[in-house]
A.B. asks: 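To start, I am sharing the structure in question, which I have written as structure tokens.
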Amino acid sequence: MDTTNTIIGIVFLLLILVPIYVINNNVKKRKNQLLKTLNELSSDKNNKFSETDFWTNNSGIGIKGDELCFFRNGEEHSMKEVINLKDVKKCSLFQFDKHGNVPKSNHEINKLSLHLTFSNHNEINLVFFHIDAKNFIIGEEFRIAAKWQAIITGKSYNKKRQKS
């Protein structure tokens, strides 16, 4: 009787632990693949990223010293950017509704991006969320974009203080 219960207990335990192990392993592989994509963008191959974030299995952002690497792979177009944070003058978080206006609520956001203005007056938008067939509900993107706005603004502020 004890042997039967033990075998049944082991089988149930394996039914619980094996899927957890497989899911965890797949998540780890995907994160390593996204990190590899960020490393391919970076010109500094020797150092590691001090901060990274990944979302929707096709986008990532990371920082190495004064270098910001960003990628977003979409079905229609891909975006890969390497930005020197010493050149960033201003960083703003932009939200748009389907008409290109500022949305009245978070439920109306169709596009979310960080708008970077450089010292040479060039500008770029790093798109964190854009509504399409696969991405129609905003999730972690808003939190991640706000976090990176603070990081980039902090780096720009520290750069200006060091010049003084």
Side-chain angles (χ1 to χ4, degrees), residues 18-98 100 102-103 106 109-163:
V18 169
I20 291 172
Y21 173 78
V22 170
I23 290 169
N24 190 30
N25 199 26
N26 287 342
V27 167
K28 203 178 281 188
K29 282 181 186 176
R30 185 65 185 152
K31 184 174 180 182
N32 286 339
Q33 185 180 16
L34 294 171
L35 189 58
K36 182 181 174 192
T37 303
L38 267 183
N39 273 321
E40 289 171 356
L41 289 175
S42 174
S43 61
D44 183 5
K45 305 293 183 196
N46 298 327
N47 294 323
K48 291 185 177 183
F49 284 94
S50 58
E51 185 82 34
T52 57
D53 275 308
F54 305 102
W55 64 99
T56 65
N57 289 331
N58 66 353
S59 303
I61 189 169
I63 191 168
K64 260 187 200 181
D66 287 331
E67 187 177 73
L68 179 76
C69 298
F70 176 88
F71 74 92
R72 180 174 167 85
N73 297 325
E75 286 187 14
E76 294 181 18
H77 68 342
S78 295
M79 179 179 195
K80 294 180 180 179
E81 294 292 335
V82 178
I83 298 162
N84 187 341
L85 292 174
K86 292 178 182 178
D87 298 334
V88 175
K89 185 177 177 182
K90 184 179 176 185
C91 177
S92 305
L93 184 62
F94 281 7
Q95 303 172 46
F96 300 104
D97 64 9
K98 62 184 174 185
V102 176
N106 285 346
I109 295 174
N110 281 26
K111 186 176 181 181
L112 176 70
S113 66
L114 281 180
H115 182 79
L116 303 177
T117 306
F118 298 100
S119 302
N120 62 3
H121 303 292
N122 286 342
E123 298 176 343
I124 191 169
N125 282 315
L126 303 178
V127 179
F128 280 73
F129 174 78
H130 195 278
I131 200 163
D132 60 17
K134 288 188 175 182
N135 298 322
F136 53 89
I137 297 174
I138 193 164
E140 289 289 307
E141 293 91 344
F142 190 84
R143 181 192 61 79
I144 294 169
K147 171 186 168 184
W148 281 92
Q149 178 192 16
I151 289 171
I152 294 168
T153 303
K155 286 277 187 183
S156 297
Y157 177 72
N158 288 336
K159 174 191 69 173
K160 290 174 188 171
R161 285 191 68 193
Q162 290 172 354
K163 284 184 179 179

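Note that the structure is predicted; figures quoted are calculated from it, not measured.
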A.B. asks: Looking only at heavy atoms, what is the nearest atom pair of Ala145 and Leu93, with distance?
C.D. replies: CB-CD1, 3.6 Å
A.B. asks: Could you work out, with side chain to side chain contact (heavy atoms under 4.5 Å, CB included) as the rule, every residue matching Asn120, not counting sequence neighbours?
C.D. replies: Phe118, Asn122
A.B. asks: Does any N or O in the side chain of Thr117 come within less than 3.5 Å of the main-chain N or O of Lys89, such that one atom is a donor and the other an acceptor?
C.D. replies: no
A.B. asks: Determine whether Leu68 and Val88 make a side-chain contact, defined as any pair of heavy atoms from C-beta on separated by less than 4.5 Å.
C.D. replies: no
A.B. asks: Can you tell me how far apart CD (Glu67) and CG (Asn84) are? Round to the nearest 0.5 Å.
C.D. replies: 7.5 Å
A.B. asks: First locate atom CD1 of Ile63, then atom CG of Leu38, and finally report the distance between them rounded to the nearest 0.5 Å.
C.D. replies: 11.5 Å
A.B. asks: Mind checking whether Leu126 and Ile83 have side chains closer than 4.5 Å, heavy atoms only?
C.D. replies: yes
A.B. asks: First locate atom CG of Asn26, then atom OH of Tyr21, and finally report the distance between them rounded to the nearest 0.5 Å.
C.D. replies: 10.0 Å
A.B. asks: Who pairs with Glu40 by side chain to side chain contact (heavy atoms under 4.5 Å, CB included), at least two apart in sequence or on another chain?
C.D. replies: Lys36
A.B. asks: Could you tell me the separation between the CD1 atom of Ile20 and the CG atom of Asn25, rounded to the nearest 0.5 Å?
C.D. replies: 13.5 Å
A.B. asks: I need the minimum non-hydrogen distance between Cys91 and Leu114, along with the two atoms involved.
C.D. replies: SG-CD2, 4.0 Å
A.B. asks: Sorted by first residue and then second, give each ring pair (Phe, Tyr, Trp, His ring centres under 6.0 Å) pair with at least one member in residues 26-56; sequence neighbours left out.
C.D. replies: Trp55-Phe128
A.B. asks: Supply the atom-to-atom distance Glu140 CD to Ser59 OG, rounded to the nearest 0.5 angstrom.
C.D. replies: 13.0 Å
A.B. asks: Output all residues satisfying side-chain hydrogen bond (donor to acceptor under 3.5 Å, both in side chains) with Glu81, sequence neighbours left out; order by chain, then residue number.
C.D. replies: none
A.B. asks: Quick one: side-chain hydrogen bond (donor to acceptor under 3.5 Å, both in side chains) partners of Lys147, sequence neighbours excluded?
C.D. replies: Glu51, Asp53
A.B. asks: Residues in side chain to side chain contact (heavy atoms under 4.5 Å, CB included) with Asn73, at least two apart?
C.D. replies: Asn58, Phe71, Ser78, Lys80
A.B. asks: For Asn39, check side-chain hydrogen bond (donor to acceptor under 3.5 Å, both in side chains) against everything at least two apart and list the hits.
C.D. replies: Lys64
A.B. asks: List the residues meeting side-chain hydrogen bond (donor to acceptor under 3.5 Å, both in side chains) with Gln149, not counting sequence neighbours, and say none if there are none.
C.D. replies: none
A.B. asks: What closest approach, in Å, do Met79 and Asn125 show between heavy atoms, and which atom pair accounts for it?
C.D. replies: CE-O, 2.8 Å
A.B. asks: If every non-hydrogen atom of Leu41 is compared with every non-hydrogen atom of Phe70, which pair is closest and at what distance?
C.D. replies: CD1-O, 3.5 Å
